[in-house]
J.: 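Just dropping this structure here.
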Amino acid sequence: MGMDLILLGPPGSGKGTQAAILSQKYRIPAISTGDVLRAQVEAGTPLGQRVKAYLDRGELVPDSLVVDLIQHRLSDPDTQQGFILDGFPRTVPQAQALDSMLAALDRPLDAVLYLQVDPQAVRERLGQRHRGDDLQGVIDHRLDVFLQQTAPLISYYESHGKLELIDGAQPPEAVAASIDEVIRPLAVPSFGDASFGHKPNVSQVLPDENTKENGSNA
Ligand code: ADP
């Protein structure tokens with residue numbers, strides 16, 4: 001069953017952790033623009049050389065660059081059953097570009113999961129991490145960039161009826177359980193759920209999500 005998800009949240013909100021859990025559970029790829037960009041930098045590719053300074057400073061790389069990257073990645077066959085985007089979109093133009101891409105593929109987003117964590121908590125979490133761009137000054141800048149450029153996506157997706165708020169301050173397993181509650185009904189769509197129109201229409205023959213499942217996954 002396909003599932004197209006976005007993980008949204010400030011740096012350090014646990015998007016990468018949750019993306020990995022979701023990817024295993026639903027057997028769909030987690031796509032992290034940050035990971036892809038860092039891999040390019042490490043491999044010393046022309047793209048890597050172009051983006052290194054942005055990453056080091058905690059600035060966003062240009063929209064066109066990450067939009068191209070995502071466009072290519074979403075044409076890979078392993079995304080047909082769904083995908084989890086971690087770190088994309090990060091600006092309103094990126095979200096608009098993604099909407100057009102998905103409209104062209106006739107596959108609307110299923111949900112945008114917003115991991116809520118207060119700024120002080122993310123500062124502490126990031127301070128304990130050891131990535132190259134996790135120096136205090138760069139962390140503070142990334143949080144500012146988040147507030148200015150990415151936070152507007154909260155109301156963007158709310159107005160599209162896609163936003164799901166998740167308490168990201170809980171321990172990782174509890175966050176995963178909260179996410180599960182939100183997306184379980186999506187994985188087993190209820191009668192006539194129009195948002196699943198792009199998928200095989202098995203919903204007609206399935207009972208709704210309140211009926212018992214195998215229950216081993218609680
Ligand atoms: P974090 O969530 O901790 O900020 P990421 O790995 O998601 O870490 O991002 C690291 C860096 O990669 C960002 O600071 C930015 O420079 C770049 N980056 C990642 N995704 C995007 C994007 N969608 N648009 C622009 N820049 C991005």
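Residues: numbered from 1 along the sequence shown. Atoms within a ligand are numbered from 1 in the order they appear, just like the ligands themselves.
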J.: Any idea which protein heavy atom is nearest atom 11 (C) of ligand 1, and the distance to it?
T.: L55 CG, 4.1 Å
J.: Count the heavy atoms of every other residue, nucleotide or ligand shown that sit under 6.0 Å from CZ of R125, and state whether that count exceeds 12.
T.: yes
J.: Evaluating non-hydrogen atoms only, which member of R131, R125, K15 is closest to atom 2 (O) of ligand 1?
T.: K15
J.: Select the closest option to atom 25 (C) of ligand 1 among V61, L85, L37, V138, judged by heavy-atom distance.
T.: V61
J.: If you take the nearest heavy atom of each of G87, S13, P62, which one is closest to atom 23 (N) of ligand 1?
T.: G87
J.: For the backbone of D4 and the side chain of D110, can you confirm whether one donor and one acceptor N or O come within less than 3.5 Å of each other?
T.: yes
J.: Has R129 got any heavy atom lying under 4.0 angstrom from an atom of ligand 1?
T.: yes
J.: Considering distance alone, does some N or O of R90 sit under 3.5 Å from an N or O of ligand 1?
T.: yes
J.: Would Q94 count as a polar contact of ligand 1, with the cut-off being nitrogen or oxygen pairs under 3.5 Å?
T.: yes
J.: Where's the contact between Q149 and ligand 1, heavy-atom distance under 4.0 Å: side chain, backbone, both or neither?
T.: neither
J.: Looking at atom 14 (O) of ligand 1, what's its closest protein heavy atom, distance included?
T.: R142 CD, 3.7 Å
J.: Does R38 come within less than 4.0 Å of ligand 1, judged by its heavy atoms?
T.: yes
J.: Near T33, which atoms of ligand 1 are under 4.0 Å from a heavy atom of that residue?
T.: 19 (C), 20 (N), 21 (C), 23 (N)
J.: Do D99 and Y156 have side-chain N/O donor and acceptor atoms under 3.5 Å apart?
T.: yes
J.: Using a 3.5 Å cut-off on N or O atoms only, is D133 in polar contact with ligand 1?
T.: no
J.: Before signing off on this row, confirm whether S32 and ligand 1 have an N or O atom pair separated by under 3.5 Å.
T.: no
J.: Look at atom CD of Q24 and say whether more than 12 heavy atoms of other residues, nucleotides or ligands are closer to it than 6.0 Å.
T.: no
J.: Is it true that, when you exclude R27 itself, more than 12 heavy atoms of the residues, nucleotides or ligands shown sit nearer than 6.0 Å to its CZ?
T.: no
J.: Does Y54 have R57 sitting over its ring (NZ/CZ under 6.0 Å from centre, angle to axis within 45°)?
T.: yes
J.: State whether a side-chain donor-acceptor pair under 3.5 Å links D63 with Q94.
T.: yes
J.: Which atoms from ligand 1 have a heavy atom of E59 less than 4.0 Å away?
T.: 15 (C), 16 (O)
J.: What I want to check is whether the side chains of T45 and Q40 have a donor and an acceptor closer together than 3.5 Å.
T.: yes
J.: Give a yes or no on whether Q116 atom CD has more than 12 heavy-atom contacts from other residues, nucleotides or ligands under 6.0 Å away.
T.: yes
